[in-house]
Amino acid sequence: IFCGGKIMKILIKQKKWNMFIGNMVLVCDIHEENGIFSIVFPYGDQKVSLKSNNIDRTLNYLEKLFLNTEIQISQKSA
C-alpha cells in the first residue's frame with residue numbers, strides 16, 4: 001500500500017493487520033460493518049480505538065503520525 005509518499009507494508013496474519021511503518025510494526029484488529037471501519041491497536045499501555053469511513057485516509061494519517069513520532073524520538077536520543 002502506498003501512503004503519503006512512503007511505503008507502508010501490510011501483512012494480514014491470523015486476522016490481525018501487521019502494518020510495518022518505518023522501524024515499527026503496528027498490530028491492529030480491523031473490522032468493517034456498514035461501510036464503517038473499526039481499528040483497534042495497543043499503544044504503550046493503552047488500547048487505541050478508531051472508527052473511519054475511509055480506511056485509506058486513516059491508514060495514511062497513522063503512517064504520518066508514527067513516522068513523525070519515530071523521527072522525534074530519534075532526534076531526542078541523538
One pair to check against side-chain contact (heavy atoms from CB on, under 4.5 Å): V40 and V48. What are the steps and the verdict? CA-CA 6 Å; V40 179; V48 177; over 6 Å; no
Working for side-chain contact (heavy atoms from CB on, under 4.5 Å), residues L26 and F66: CA-CA 9 Å; L26 188 62; F66 284 107; 3.7 Å; yes
F41 atom CZ, neighbour heavy-atom count above 12 within 6.0 Å: yes
Residue pair L11 / F20, side-chain heavy-atom distance below 4.5 Å: yes
Is there a path of hydrophobic side-chain contacts, each under 4.5 Å between heavy atoms of I, L, V, M, F, W or Y residues, that connects L67 with L50? yes
From I10 CD1 over to W17 CH2, what is the distance, rounded to the nearest 0.5 angstrom? 5.5 Å
Sequence neighbours left out, what pairs pass salt bridge (Lys or Arg N to Asp or Glu O under 4.0 Å) with at least one residue falling in residues 12-30? K16-D29
NE2 of H31 to CD1 of I39: how many Å apart, nearest 0.5 Å? 11.0 Å
Test of understanding: clusters of I, L, V, M, F, W, Y form through side-chain heavy atoms closer than 4.5 Å, transitively. Do L62 and I36 belong to the same one? no
Tell me the side chain to side chain donor-acceptor pair (under 3.5 Å) pairs involving residues 38-55, sequence neighbours left out? S38-K51, S52-T58
Tell me every residue that passes side-chain contact (heavy atoms from CB on, under 4.5 Å) with F37, counting only those two or more places apart in sequence or in another chain. I30, E32, I55
